[in-house]
Amino acid sequence: MAARRTSCCHLLKNKAMNRLPVINKLIFLLTVLIVTASCTSKTDVATPTTRKVNFNTNWQFYLKNNATEDSIGSHTKWRTLNLPHDYSIEQEFDENSLAGIGGGALNGGMGWYKKTFSVKAEDSLSITSIMFDGVYQESKVFINGHFLGKRPNGYISFEYDLTPYLKYGENTTNEILVKVDNSKQPNSRWYSGSGIYRNVWLKTTNKLHVNTWGTFITTPMVTKDSAQIKMDITISNSNTTAQQINVQTNIYFKDKKITHFKDENLKVDAQGEQLLTQQITLENPKLWSVENPELYTAVTNIYINNTLVDQYTTPFGVRSFTFDLDKGFILNGEQVKIKGVCMHHDLGPLGAAINTRAIERQLEILKEMGVNGIRTSHNPPAPELLTLCDEMGFIVMDEAYDMWEKPKTEFDYANYWEAWHKRDLEDLILRDRNHPSVFIWSIGNEIPEQWNERGAEIGHELAAIVKAIDSTRPITAAMNPPIHTADPSVTIQFEETADQPNALAGSGALDLIGYNYAHQTYVKHQINFPNTPFIATETTSALETRGYYEFPSDSTKIWPVRWDLVFTEGNDDNTVSAFDQTRAPWGSLHETTWKIIKKHDFLSGFYIWTGFDYIGEPTPYVWPSRSSYFGIVDLAGFPKDVYYMYQSEWTDKDVLHILPHWNWKEGQIIDVWAYYNHADEVELFVNGKSMGVQSKKDDDLHVMWRIPYEAGTLKAISRKDGKKVLEKIVKTADKPAKLQLSADRSSIIADGNDLSFITVEITDIDNVLHPTANNEIYFSVKGPGEIVGVASGDPTNHESFKGTQHRALNGKCLVIIQSTDKAGQIEVTAKAEGLQENTISIKTTNL
Ligand code: GAL
């Protein structure tokens, strides 16, 4: 019998607004105000609509170990900067870094931030708080010398009430001091970054207000014709007298008010809290889906004596879903295979410092490949990531922890587990439960306790914490299968025959059985777990260097040979072939994995390790490598070839991609692969001569020719019913001659945040990409912009990501330009010795 779980809907919080194009935001806010004003005769005030302002600019920073909050003030070497900020990415790569190669060979340390600000006299009647989206890690915050609190978890969002300690008046200043302690290393298995690396907000509300994360919208019933929308609103009153309030929530679709909850009059006790639960039926709902991620917004207005005192915005989506034992993931009644990727939080050359456009670019590149799911491995993500996933249509597995009580590295979160795990998990669920893109909560990744009863106990405890706040989504954990094996002939049974049963898997605490790797066991899932659906929480761990190829391409390499053995094979230059032929011993090749997931309906989907390369964990190598090889896309955002295998399988686009490049030794035997779709066959030509026609047989995902190399032109033609679908040409490049620049966006906003990602290609004189060129490229900028990152996707490069020069990898390099707050024209020039330089213009506009 199928286990079914019908859910839900959601939506997030007012942060969704942060991502709408500015003009849409203005139109929306204006509409909200006009509609609010026109549908009531009550007196509106503007202030409640600007509850939260960005508090990122003009901080002072000082990197100083062994200082104390008392001694730090006497130091004079403070540097002024804007947040978000990552002080690890600014440092030099260091083979002996305490963070280790796994941590990206970048150091942490103790970082100090301070900011002075004044608060208007009239705000003394309000509540003022500071909100941090994430600080890595062990932060302590002080206001005017008063200790507000500490937060060890580096990924969690938190808030402190400043009101009792503020000095008011335009001519009076307050000082916030933040201590960040990332000096105890190692504390992470990947690059964490250091500092106030996410956004900071200053929030001002009336003493009567909706709590932070204080709304929860669910959809208990959804059909194509109508949906029930249920909304919980928690309202606080920090006045010394009870307040009689009037609550009105309007629902908007795009910028149009479409319906509203019934007006409610309530009394909220002095220093009290009140929960209001309301329900309405929405006719003809626009359902949130991966293809059409339709979003609604609920705007809650609270009035006291006809005056608007608070306004809270809750974006949400309407969708139903279930994980079916036989049919996998069902969204709005339709079967949807989850084609997801795991992502770490770093943004390549930008480090951990979040930038909304940089996250959006990653998601655009993944969407273009056909990805429809993101796993926030292995920690709470930036709120902006979830907002983007809501808007772009991704199925998110939101993950809480990489460890529980037992540590994985000496100074990790296990040290704080006992005191903090409940609070951190509650805050994560409260913060993220309104996002329609969030479908699965993961309570942990490869948790050591999973093998014993303690794992089952903690699993139950965490599941209860989650369910108490949100019972509409399934809970999983990314477990390990009970026996590690690289031998596909070994049958792994979970509960019955395993030497070491997985206590967490068998505990009944999980709604979805999720485990990492062991793809050979997937077919047995329905036997091992007849009552619990399955999600492949993490798969693959195949390895590639972009643009580097080894022959023969059809032999599989297991690198390293075993997870606990030192890797002695491999290449002197720490490269890995970009043919899908190399995998970690616990992993599987891309094609092998997708073939299994594709074949069985009951496998709801998978999250591939990983979508993008990330800093740290450079398996199979160690130093000089400092970043991963697992990505389908490299650290600079350039796709590796296997990207097109997925694109040919997962998108409606016509795809024909051939590899490798066409610069080899005369006569060398070369394997040429083609990924294609929407065609019956592909014919390959070398300098006009046919090398034969190939077709995919059975479950093949590519075709291959083995041919002798001859310089010139490699051409592939895909045909359907004898008619050409696509043609692809790869030419032999002559020696490197020019630099060619192209920008992902040639016009950006002059807001000091927006980015243009500029790709540099090294070509020959005829504009053919030189596939092995690795020239050192020097960048310069004129006008209102600055270089904020450089990268090539080479895991062994030790030049700073924050510099102005970088060595290209296999013909390509990236420079990231950030706007300032001045509009104008930015000129970016790339130069390299012996090559024709080039300049590109980026416009920045105020909008
Ligand atoms: C997994 C782990 C990931 C990453 C990956 C590399 O076991 O969950 O965090 O380490 O291996 O293959």
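Both ligands and their constituent atoms are indexed starting at 1 by order of listing.
Residues Gly611 and Met343 come closest through the heavy atom pair CA-SD, 3.9 Å. Residue Phe801 comes nearest to Leu635 through the heavy atom pair CZ-CD2, 3.5 Å, listed as atom of the first residue, atom of the second, then distance.
Checked against a 3.5 angstrom limit, the closest N/O atoms of Glu538 and ligand 1 fall inside it. Of the N or O atoms in Arg189, one or more lie within a sub-3.5 Å distance of an N or O in ligand 1. Of the polar atoms of Glu446, at least one N or O is found under 3.5 Å from an N or O of ligand 1, judged by distance alone.
Within the listing of ligand 1, atoms 6 (C), 12 (O) sit less than 4.0 angstrom from a heavy atom of Phe630. Per-residue contacts place Asn516 under 4.0 angstrom from the following atoms of ligand 1 (heavy atoms of the residue considered): 8 (O).
Distances from ligand 1 to the non-hydrogen atoms of Tyr517 include at least one value under 4.0 Å.
Ranking protein heavy atoms by distance to atom 9 (O) of ligand 1, first place goes to His378 NE2, 2.6 Å. Remark: minimum distance from atom 10 (O) of ligand 1 to any protein heavy atom is reached at Glu617 OE2, 2.5 Å. For atom 12 (O) of ligand 1, the closest non-hydrogen atom on the protein side is Ser541 OG, 2.6 Å.
Of the possible donor and acceptor atoms, none in the side chain of Glu544 sits under 3.5 Å from a partner among the backbone N and O of Val576. A donor-acceptor pair under 3.5 Å links the side-chain atoms of Thr593 to the main chain of Leu589, judged by distance alone.
The salt bridge (Lys or Arg N to Asp or Glu O under 4.0 Å) test applied to Glu426 returns Lys422, not counting sequence neighbours.
Contacts of Trp609 with ligand 1, taken as heavy-atom pairs under 4.0 Å, involve the side chain alone. At a 4.0 Å heavy-atom cut-off, ligand 1 touches Asn445 through the side chain alone.
When each of Tyr522, Trp650, Tyr646 is tested with Trp594 by the rule ring pair (Phe, Tyr, Trp, His ring centres under 6.0 Å), just one qualifies, namely Trp650.
For the pair Lys367 and Phe394, the distance from NZ or CZ to the six-membered ring centre is under 6.0 Å and the angle to the ring normal is within 45 degrees. A cation-pi arrangement is not found for Arg375 relative to Tyr607, the charged atom failing to lie both closer than 6.0 Å to the ring centre and inside a 45° cone about the ring normal.
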